[in-house]
Amino acid sequence: MNPETHPLLQSLNAQQREAVTASEGPLLILAGPGSGKTRVLTHRIAWLLSERQLPAWQIMAVTFTNKAAREMRERLTRMLGRDAALEMTLGTFHATCARILRRESERAGLARDYVIFDTDDQLAVMKAVVSELGLDDKRYRPGSLLNAVSRAKNELVLPADYPRRTYYDELVARAYARYQERLRQSSGLDFDDLLLETVRLFRADAETLEKYRRRFRAVLVDEFQDTNIAQYTLLRLLTQEHRHLYAVADEDQSIYSWRGADYRNIQRLREDFPELRQILLEENYRSTQIILDGAMAVISRNLDRTPKRLFTRKAGGLPVTLHESYDEREEAQFVAREVRALRRGGVAYGGMAVMYRTNAQSRALEESFVNEGIPYRLVGGTRFYSRKEIKDLLAYLRLAQNPDDDVSFQRVVNVPPRGIGQRTLETIGAQAREGQTSLYRAMVALLAQGTLDGRTRRALEPLATLIQSWHAARETLSVGQLMDRLLSESGYGAYVQSQVDEVERKRGESRWENILALRAVAEESAGVTLSDFLTEVALVADVDQLDESVDAVTLLTLHSAKGLEYPVVFVTGLEEGLLPHSQSLDSPQELAEERRLLYVGMTRAQERLYLTYAFRRGWYGNNQPAAPSRFLDDLPDEVLGRARRGKTVRPTGSWGASAWSREATPAPPPRPAVAPRFRAGQRVRHARYGEGVVTESAVEGDDEVVTVRFKDSGIGFKKFVAGMAPLEPLSEH
DNA sequence: AAGGATTGCTTTTTT
DNA sequence: AGCAATCCTT
């Protein structure tokens with residue numbers, strides 16, 4: 001075999017070749033943006049299949065999105081000219097676990113017909129738990145409790161093991177336990193359960209673990225830096241025997257720590273697999289030198305990272321455009337005008353993307369795109385699958401699959417109105433609690449008892465009969481056929497068609513059309529079982545739906561931009577409080593993540609990069625002045641195409657309002673060395689968290705980082721950048 | 001039980 | 001500003 005002429009290795013650089021042909025031990029590829037890491041991963045799989053003669057079904061490859069998985073499968077098919085890759089286990093962690101749990105439901109102690117609960121469903125369950133436990137939902141927000149539960153699950157902590165260091169912890173633990181009980185009562189699994197239950201299964205059942213260890217002779221993971229502990233544990237369990245683990249990572253693109261992703265997994269990998277081989281991919285094939293320079297200037301200010309020497313052969317390039325506008329409307333107009341100009345210059349709409357920190361920012365952009373007649377495609381926002389009518393229809397489908405799904409039951413029990421009101425529901429609920437069973441079963445039991453009054457019985461009986469008949473029909477009918485039956489027999493179809501309101505008209509979208517769209521999705525996946533259909537629908541992200549066939553500008557959050565690339569990229573809203581987001585200003589770790597977020601956005605651009613910010617920005621209702629993002633300070637003048645430029649100067653100790661100005665000083669004064677303001681033992685007050693005691697203060701770079709233990713034990717320890725946090729001393733010390 | 005009006009609250013990012 | 005939860009009326 002000659003590496004120069006081997007068809008799989010042609011057009012790969014030396015490092016990439018090494019990564020593709022490496023021996024079958026643990027390997028970590030540290031890749032920069034645009035270094036072709038997904039390509040390397042694909043070639044590696046093709047290599048294993050063709051050169052190592054590994055059967056496809058023995059390969060497990062995990063990607064971050066379903067879209068990435070689909071693209072990889074398509075590429076493999078093209079490269080190998082056959083469907084060898086079809087038998088491969090390829091998809092996200094969640095999808096892979098969902099499949100394993102479906103197959104091993106009995107051994108895992110789960111219902112075969114389990115349904116996946118999405119964020120809305122989780123919230124509904126947690127709300128019920130909070131009221132059942134008699135907690136104040138202001139003080140114990142269902143959302144925050146879910147956060148805590150999710151964090152625990154990602155770290156494989158079960159309710160019984162939940163650390164109860166404070167009273168708040170105690171309540172979280174109780175809520176967690178009740179939440180799990182309710183979930184299981186409904187035969188439901190939330191996203192985190194998919195991972196957690198798979199790990200539990202493998203840990204508890206040596207035989208099953210052995211089966212999957214033998215099955216997956218090679219395990220490959222993309223975006224390894226964004227794995228959480230549960231996912232890492234899963235990888236370790238599967239590979240610690242044969243040690244054929246292949247991970248691709250870029251620390252600088254780790255942007256999901258809020259979801260439990262733990263960049264320390266890279267370190268764990270090095271410890272758990274001491275023989276780990278590491279390969280660096282430093283050549284960037286995507287961006288011009290100038291864009292890369294700008295991005296590196298931003299990211300290199302982060303501490304705790306492996307410095308990389310990224311380079312590209314696309315020397316020079318157009319300077320990065322930095323644009324200030326008065327408010328978000330003008331910013332949107334600027335973007336729209338540039339888009340039109342670029343279009344006239346020959347750039348396809350599909351080659352342009354506009355990125356922002358929060359979904360709410362898309363509104364102004366959409367408006368000006370509509371005004372200018374520019375076609376666009378919105379990723380995220382109100383996701384298709386979280387629209388009311390879609391959720392309603394899915395709830396009917398879920399009931400057909402699993403009548404015990406209480407969340408779905410409650411959702412549609414009286415939609416359309418069937419005369420089943422609060423009182424009736426309470427009766428059913430009481431019966432369910434008493435019999436430790438689901439609402440549906442309780443309803444059936446009540447009907448059988450014959451104790452209900454005539455009117456209630458006449459309301460409930462048809463529904464009970466319908467659910468039962470749908471459940472019975474679910475395996476003989478196709479998903480599309482079942483949907484048709486549901487829509488007509490439940491009266492929901494007619495109900496939606498009769499409910500066309502003004503607001504809908506204006507937005508030019510109709511609920512009925514959305515329902516038809518979902519029906520079309522079902523028709524497309526002909527031959528798919530109801531349970532697979534529901535699983536698929538629950539686990540798709542919006543990026544997955546990206547339809548590239550229409551020529552339109554893409555509008556998306558920085559988070560969903562990961563893994564994508566466009567000739568022209570606009571990163572908008574580069575303001576203090578937005579990027580970095582105000583929720584992140586308190587903690588150095590989160591601040592570093594905000595920086596990485598900008599880095600991800602910038603490195604999506606191939607040819608042309610725009611960075612924009614506004615002088616004022618509307619935050620729910622009122623309009624507030626904003627300061628340009630601190631990250632902009634790190635862009636060298638050369639990148640912006642200026643010989644020299646005014647520096648943005650911010651008064652220390654405040655990021656407030658209009659307290660910034662532009663000076664035409666060629667050389668801005670160096671930041672003064674930081675003199676620590678706080679000392680250990682000092683009492684302080686934080687605007688949000690109240691009183692506490694400083695336990696540590698250290699100067700890191702230009703910042704003073706203080707650790708505070710708060711009085712309110714529910715808060716515990718927090719780290720702040722002293723100059724940025726609303727923190728004031730209460731005592732000398 | 002259903003629909004409409006009022007209040008109060010919120011926004012980070014998503015598999 | 002927009003939306004959900006809550007109150008109020010029929």
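Bear in mind that the values here come from a model prediction, so they are computed numbers and not experimental data. In what follows, chains are A, B, ... by sequence order, proteins preceding strands, each numbered from 1.
Nucleotide dT14(B) holds its C1' atom 8 Å from the CZ atom of Phe191(A), rounded to whole Å. Atom-to-atom, NZ of Lys67(A) to C1' of dT14(B) comes out at 16 Å; the value is rounded to the nearest Å. Across the protein-nucleic acid pair, Asn154(A) atom CG and dT15(B) atom C1' stand 10 Å apart, rounded to whole Å. Between the CG atom of Leu189(A) and the P atom of dT15(B) there is a distance of 18 Å, given to the nearest Å. One atom, NZ of Lys388(A), and another, C1' of dG2(C), lie 16 Å apart when rounded to the nearest Å. Atom pair Asp192(A):CG and dT14(B):C1' shows a separation of 11 Å (rounding to whole Å applied). A straight line from CZ of Arg617(A) to C1' of dA1(C) spans 16 Å, rounded to a whole angstrom. Atom CD of Glu223(A) and atom C1' of dT15(B) are 13 Å apart (whole Å).
At dT14(B), one or more side-chain N or O atoms of Thr557(A) fall inside 4.0 Å of OP1 or OP2 (strictly under the cut-off). Between Thr92(A) and dT14(B), a side-chain N or O to OP1/OP2 separation shorter than 4.0 Å is absent. For dT15(B), neither phosphate oxygen OP1 nor OP2 lies less than 4.0 angstrom from any side-chain nitrogen or oxygen of Asn228(A).
In the set dT10(B), dG3(B), dT13(B), dG3(B) carries the atom at the smallest distance from any side-chain atom of Pro417(A). Of the candidates dT14(B), dG2(C), dT15(B), the closest approach to any side-chain atom of Thr119(A) belongs to dT15(B). With dT14(B), dA2(B), dT11(B) as the candidates, the nucleotide lying closest to the side chain of Tyr256(A) is dT14(B). Checked against dT13(B), dT15(B), dA1(B), the side chain of Arg259(A) finds its nearest nucleotide in dT15(B). Checking dT14(B), dT11(B), dA1(B) against every side-chain atom of Thr424(A), the shortest atom distance belongs to dA1(B). The side chain of Trp258(A) lies closest to dT13(B) when the candidates are dT10(B), dT11(B), dT13(B).
Residue contacts shown for Gln422(A) are limited to sugar-phosphate atoms, with no base heavy atom under 4.0 Å away. Nucleic acid contact for Asn414(A): sugar-phosphate only, since backbone atoms but no base atoms lie under 4.0 Å from a heavy atom of the residue. Ser150(A) comes within 4.0 angstrom of no nucleic acid atom, judged by non-hydrogen atoms across all strands. Within 4.0 Å (heavy atoms only), Arg363(A) reaches sugar-phosphate atoms of the nucleic acid but no base atom.
No side-chain donor from either of Arg329(A) and Ser368(A) sits under 3.5 Å from a side-chain acceptor of the other.
Taking the C1' atom of each, dT13(B) and dA4(C) are spaced 22 Å apart, rounded to whole Å.
Judged by the 6.0 Å distance and 45° axis criteria, Arg595(A) is not positioned over the aromatic ring of Phe631(A).
Considering all non-hydrogen atoms of both residues, Phe369(A) and Leu555(A) come closest at CE2-CD1, 3.8 Å.
Classified by interplanar angle (parallel below 30°, tilted 30° to 60°, perpendicular above 60°), the ring pair Phe64(A)/Tyr256(A) is tilted. The aromatic rings of Phe615(A) and Tyr326(A) sit tilted, their planes meeting at an angle between 30° and 60°.
For Gly421(A) and His559(A), each mapped to the nucleotide of DNA chain B holding its nearest heavy atom, the one lying further toward the 5' end belongs to Gly421(A).
Scanning for salt bridge (Lys or Arg N to Asp or Glu O under 4.0 Å) contacts around Asp262(A) gives Arg264(A), Arg268(A), with sequence neighbours left out.
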